[in-house]
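Working notes, beginning with the structure itself.
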Amino acid sequence: MSAGNAEAVRKYTAEVGEEDVGKLVKLYGWVHEVRDHGGLVFVVLRDREGFIQITLPKKKVSPDAFKTAKKVHRESVVEVVGVVKAEPKAPGGYEVIPEKFIVLNEAEAPLPLDVAEKVPAELDTRLDHRFLDLRKPRVQAIFRIRHCILQSVRSFLCEEGFIEVNTPKIVSTATEGGTELFPISYFEKEAFLNQSPQLYKQVLMASGLERVFEIGPIFRAEEHNTVRHLNEAVSIDIEASFTDHEGVMDVLERLVVKVYEDVNEKCGRYLEWMNVKLEVPELPFERLSYEEAIDMAGRKGEEIPWGEDISTPALKIIAEEMPEFYFIVDWPTKSKPFYAMPYEERPEVCKSFDLMKGYLELASGAQRIHVYDLLIRRLEECGMSPKDFEFYLEAFRYGMPPHAGWGLGADRLLMAVLGLKNIREGVLFPRDRNRLVP
RNA sequence: GCCCGGGUGGUGUAGCCCGGCCUAUCAUGCGGGCCUGUCGAGCCCGCGACUCGGGUUCAAAUCCCGACCCGGGCGCCA
């Protein structure tokens, strides 16, 4: 960008070190703060890797640079070309004495929120001005770690022989019943945003791909209003042939451990920015049966009638004894969707599981029904009409292998790993009951 | 969606119970001034706010009703 400084090497603030002392470097970033001492001005420059102090003694820099630095607004974008100096008095031990201090784009003042965090901002305010919020290293760290988690998940599943696929997010009316769908207009037809790739990934089991995964958005039109629900979320879904619920639980728990290992290995500095320490969970995760779970809650006064979903207060009681990762397995068939495989000898219970971290549900999965007649029967028992599922059911008539799978909430996984108090913290632009912008 | 609590300068807050010395507190910010080693720089001067709509009252930031939004809890969430 600045042709006159061919010898200046572009560096990130965090890269400036001993080898640069006496040399010319070029830095791009934002003005984090300005400390104006009259004849001496300190500008703290921030880029995505950290901070560095730009020091402007009036007598040692050009009048132009000095004047510009004195009146620059916080959060303006600047280009600095200058000589690196080792300086014990400077934060980080190095400072840059600029030859050039150019404002590439001035920021308006006052700012809608304080990036330097001298004054805190509420989550709502932060989300309204998310791009500014993301300039805080502590906030940016969340998304650098999220990136790492997603990358870890991809590489792990690829190594396990899963093939990444993309299924449609615009679907026709009949899906699985249950949750509310967002209606959209699709030319002359009625359509909805998909709540889950479930039906499609099962159909793909009949394709011979054998093991597939998808990382993509899911949409739920529920009017929930909690710190762990969103109306648009990212789901990590797998489906695998010739295996059962035990087989995919094994994949899931090893995946979680791998994510912890990778984040620890690759995101040490971001964990530090956030002041978080990660302990890699131990394998295998404990398996708690549905019946044990409701007993545990019942002993502390939270009675769950057999067959019903486990309430939030009950899960919180269980979480007191099981604060880490664990599975709740063998759910009542009637509490799970129609495609979950019932046990042969005890069909009121099915081969299903939820992955929990404390009271937070992270994933749920099951061995699926691959037998056509049984699937039809379960569909009807659940009050749904087979004719609405023809594209799905057809796949079960021409050689559908036994299979199993799960769906893992990516945002919830991030929340669990980093101990975020609100799922919105880990989503760039969350969509909830009231928030549609930005 | 239900229950409880809340909405005050750009941001975060005090004040609200017990209406009137509120021309509304403090911090940060912003504008101006002084200042050559700050690192939450310091000092001086200034700027800037009662969510919206109704009601009660001589008088409303303060009390009442409604809407919208926020926080906590719950429900719903195959």
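Proteins get letters first, then strands, A, B, ... in listed order; numbering begins at 1 in each. Computed from heavy atoms alone, side chains included, the values below leave out hydrogens, waters and symmetry copies.
- In this structure, the nucleotide among B:rG40, B:rG37, B:rG1 sitting nearest to the side chain of A:E223 is B:rG1.
- Pairing for B:rA41 is absent, with no Watson-Crick or G-U wobble pair whose two atom distances lie under 3.5 Å.
- The separation between A:H224 atom NE2 and B:rC74 atom C1' is 14 Å, rounded to whole Å.
- With a 3.5 Å ceiling on both atom-pair distances, B:rA61 lacks any Watson-Crick or G-U wobble partner.
- RNA chain B lies under 4.0 Å from at least one heavy atom of each of the following residues of residues 31-42 of chain A: A:E33, A:R35, A:D36, A:H37, A:G38, A:G39, A:L40, A:F42.
- Figure legend. B:rC30 is base-paired to B:rG46; pairs are counted as Watson-Crick or G-U wobble with both atom distances under 3.5 Å.
- Following rounding to the nearest Å, A:R74 (CZ) and B:rU28 (P) show an atom-to-atom distance of 12 Å.
- Scanning for side chain to side chain donor-acceptor pair (under 3.5 Å) contacts around A:E18 gives A:Y94, with sequence neighbours left out.
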N/O-N/O pairs, protein side and nucleotides 45-52 of chain B side, under 3.5 Å:
none

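- Between A:K118 and B:rA27 there is no side-chain polar atom (N or O) within less than 4.0 angstrom of OP1 or OP2.
- Across residues 300-336 of chain A, A:S311, A:T312, A:P313, A:K316, A:K336 each have a non-hydrogen atom less than 4.0 Å from an atom of RNA chain B (numbered order).
- Of the charged side-chain nitrogens involved, at least one lies within less than 4.0 Å of a carboxylate oxygen, so that A:D133 and A:R130 count as a salt-bridged pair.
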Under 3.5 Å between N/O atoms: give me all the protein pairs with nucleotides 4-14 of chain B, atom names plus distance.
residue	atom	partner	partner atom	Å
B:rG10	O2'	A:L111	O	3.0
B:rG10	O2'	A:P112	O	3.4
B:rU11	O2'	A:P120	O	3.0
B:rG12	OP1	A:E122	N	3.0
B:rG12	OP1	A:T125	OG1	2.7
B:rG12	O4'	A:P120	O	3.0

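- Non-hydrogen atoms lying under 4.0 Å from RNA chain B are contributed by nothing in residues 354-382 of chain A.
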